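A quick write-up on the structure given underneath.
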Amino acid sequence: MKIRLLLSILIVTTFFRSFAQTSPNDSIATKRYLSVGEMQHDLKYLDKHLRRWHPTYYTYADRQQMDIHYRALTNEIDSAKTLSDFRSIVRRAVTKVGCGHMGVKMPKGTPTTDSLMLMPLQVYCIKNQLFVRAYSENDSLLTVGDEILSINQVKTDSIITRLAEIETSDGYNTTGKTAWMEQLFNVYHSLVFGIPDSYIIVKKDGQNIVSTVTITPRKFSSSITLFAHHRPDSTDLVIKGNGINLYKTATDSKTAIIDLKNFDGKGQCRSYRKMFRHIRENNIENLIVDLRDNGGGSVFKGNAFLSYFRKPLIFGPVFSRKPRFVALNPNFKTNFWERITPILFLGIPFQYPNRDGWNHYIPFVRKFRNHYSGRTYVITNGRSFSMAAYVASVLKHKENAFTVGEETGGSVYASRGMAGGYIRLPNSKLDVYINIYQLKYGKRTEDNGFGVLPDLPVDYSINERMRRIDKEMEVIKKAISE
């Protein structure tokens, strides 16, 4: 009883302290420059806390490599810098961890992206080349499909390398970096290279004619859209859900498509039941699970979906954390429920220690009546992340699914997306987001530092991207017919 009372007092105390320490008074929006000492102290503070708290800090870069990385960043700070410039340095520190769930957030009160003047240009990034995807001005200086050779005398390959340094990813993955680079190219370019008065762009058009144009920054438009893969025609829709749809194919009555946009939609488990009942009643032999652009979502909804495929009676993920109550530390900024997650996890009956720390096993039970045992094809790309990568990995490595497309942006082995919070750097007040649990997918998968690799990789040319064809579906249809 005394221990329970002590824990209750500790939880309530840290709960109120966490809110007290995240007040708007912490904002330093008016502080334009940080001194060398302040920035170097913040980097040291970040390294210290990530080393203690992040579940896989030395997995993809050992201690020696990480120390060399931080020394290089520290030596780079030789003069006062703006908050935005220092944020780029912190992002480069964070990317070394190899955790795609991490991020660096500006303090409250700083200007939002929508108020910035940025390059009026969106791009395709294909095989270390940049092509115009959209140009916001009314003139014809740039045309969709033009190849960009350099911007302000910096060659394209150098631009791509520099932008990749500030984008987080799981392990050594690059497909996720490329996808986000396409989405936020002008924002990332401003973080790395600043916002000049003009952009001098050397381009090559479709006739291979090289020319130079000059464009100017304009107010950022948040209406940027990713290259979206082809969705089946709405007339082929069989069952519509929230974030999930079931389609039939016009040419093959034994093939169906489940298009999963996320694992967050309301009523998804109910949609699963309807869809897999329809699949059973219609004797579907080939099921295509489309996970392209699926950023993840709920662990429970992801495993509920897998319960229609998994053969073992009991299956499930393992959550592991370092043997510290990080969430109760007042330097870890988070909300009440995330803070008490380690306490709640102690109520799980299946838990054990090992070299990864303390582990919790959450069991799920397979479905029987509408269980699917036919051939499964899984389509993935660089934006298949977190729970989408988990589902793809389990289907490929444990249920012999056939994967098509691109390496997932999420890890083939584990996700670090549970019990999240912030490390607030003391001088800059930048918030570095981390999760303290590692969600491991189970046996028969190894952490090779990459995502789920496709059995049949699919690459796109610039012309194919512009025409918006669906090569993955073409590959699967051919495989089924053969």
Side-chain angles (χ1 to χ4, degrees), residues 179 223 225-298 300-309 367 369-381 383-392 395 399 401-406 408 454 456 458 460 464-465 467-481:
S223 60
T225 56
L226 266 178
F227 165 74
H229 66 268
H230 174 74
R231 301 282 181 185
D233 191 277
S234 59
T235 58
D236 297 329
L237 181 64
V238 178
I239 298 174
K240 181 177 177 58
N242 191 333
I244 176 174
N245 294 322
L246 176 69
Y247 296 90
K248 63 180 180 180
T249 56
T251 57
D252 184 0
S253 62
K254 297 300 182 182
T255 299
I257 303 168
I258 292 182
D259 185 17
L260 272 158
K261 299 180 179 68
N262 57 59
F263 289 101
D264 280 329
K266 185 177 180 180
Q268 279 189 342
C269 292
R270 185 166 57 252
S271 296
Y272 298 160
R273 289 194 295 272
K274 293 179 181 178
M275 291 177 183
F276 283 94
R277 182 170 61 246
H278 175 89
I279 289 169
R280 175 179 60 83
E281 292 174 349
N282 288 272
N283 299 315
I284 298 298
E285 298 175 357
N286 303 294
L287 182 59
I288 301 170
V289 178
D290 195 340
L291 295 174
R292 286 175 291 186
D293 304 338
N294 184 323
S298 164
F300 298 97
K301 290 177 180 177
N303 279 281
F305 180 74
L306 288 172
S307 66
Y308 291 91
F309 298 87
K367 302 294 183 182
R369 180 173 174 76
N370 296 315
H371 192 269
Y372 177 74
S373 57
R375 183 66 164 160
T376 306
Y377 299 84
V378 181
I379 311 179
T380 60
N381 65 4
R383 284 180 58 80
S384 304
F385 184 66
S386 194
M387 186 50 50
Y390 171 99
V391 169
L395 289 178
E399 300 304 330
F402 193 72
T403 51
V404 179
E406 194 175 47
T408 61
L456 275 183
V458 175
Y460 281 84
E464 290 167 336
R465 292 287 297 272
R467 288 162 51 202
R468 298 174 68 81
I469 65 174
D470 193 340
K471 292 181 69 174
E472 288 89 347
M473 284 295 182
E474 293 178 357
V475 167
I476 292 175
K477 288 179 180 178
K478 182 179 179 182
I480 291 173
S481 67

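The structure presented is a predicted model; accordingly, all values stated were derived computationally and were not measured.
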Is a donor on one side and an acceptor on the other found under 3.5 Å between the side chain of [X] and the backbone of [Y]?
| X | Y | value |
| --- | --- | --- |
| D290 | R292 | yes |
| T408 | F385 | no |
| T255 | T249 | no |
| Y390 | G296 | no |

Check: Under a 4.5 Å cut-off applied to non-hydrogen side-chain atoms, are V391 and L306 in contact?
Finding: yes
Notebook entry, point to check: Taking C-beta and beyond as the side chain, do H278 and I239 meet within less than 4.5 Å on heavy atoms?
Noted result: yes
Next item on the list: May I have the step-by-step check of side-chain contact (heavy atoms from CB on, under 4.5 Å) for E472 and Y460, ending in yes or no?
Entry: CA-CA 10 Å; E472 288 89 347; Y460 281 84; 2.5 Å; yes
Calculate, to the nearest 0.5 Å, the distance between atoms [atom1] and [atom2] belonging to [X] and [Y] respectively.
| X | Y | atom1 | atom2 | value |
| --- | --- | --- | --- | --- |
| M473 | I257 | CE | CD1 | 3.5 Å |
| L287 | S373 | CG | OG | 11.0 Å |
| I476 | R375 | CD1 | CZ | 10.5 Å |
| D293 | R383 | CG | CZ | 5.5 Å |
| L246 | L237 | CG | CG | 8.0 Å |
| K254 | I480 | NZ | CD1 | 13.0 Å |

Any idea which heavy atoms bring [X] and [Y] closest together, and the distance?
| X | Y | answer |
| --- | --- | --- |
| K301 | Y272 | O-OH, 3.1 Å |
| P454 | G405 | CG-O, 3.6 Å |
| G265 | N262 | N-OD1, 3.2 Å |
| G295 | S386 | O-CB, 3.6 Å |
| A401 | V378 | CB-CG2, 3.9 Å |
| K248 | V238 | N-CG2, 3.6 Å |

Next item on the list: Identify which one of L291, N303, I244 satisfies the side chain to side chain contact (heavy atoms under 4.5 Å, CB included) criterion when paired with F263.
Entry: L291
Notebook entry, point to check: Within 45° of the axis and under 6.0 Å from the centre of the six-membered ring of F276, does NZ or CZ of R280 qualify?
Noted result: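 No, R280 does not lie over the aromatic ring of F276.
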Note to self: Could you go through D259 and K261, starting from their C-alpha distance and side-chain angles, then the distance that decides it, and tell me whether this counts as side-chain contact (heavy atoms from CB on, under 4.5 Å)?
What the structure shows: CA-CA 6 Å; D259 185 17; K261 299 180 179 68; 3.8 Å; yes
Next item on the list: Please lay out, stage by stage, how F305 and Q268 fare under the test side-chain contact (heavy atoms from CB on, under 4.5 Å).
Entry: CA-CA 9 Å; F305 180 74; Q268 279 189 342; over 6 Å; no
Note to self: Restricting to side-chain hydrogen bond (donor to acceptor under 3.5 Å, both in side chains), what partner residues turn up for K471, sequence neighbours left out?
What the structure shows: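 So K471 forms a side-chain hydrogen bond (donor to acceptor under 3.5 Å, both in side chains) with E464.
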Notebook entry, point to check: Yes or no on side-chain contact (heavy atoms from CB on, under 4.5 Å) for V458 and E406, after CA distance, side-chain angles and deciding distance?
Noted result: CA-CA 6 Å; V458 175; E406 194 175 47; over 6 Å; no
Notebook entry, point to check: After noting the C-alpha distance and the side-chain angles of Y372 and Y308, does the key distance pass the ring-ring contact (aromatic ring centres under 6.0 Å, His included) rule?
Noted result: CA-CA 6 Å; Y372 177 74; Y308 291 91; over 10 Å; no
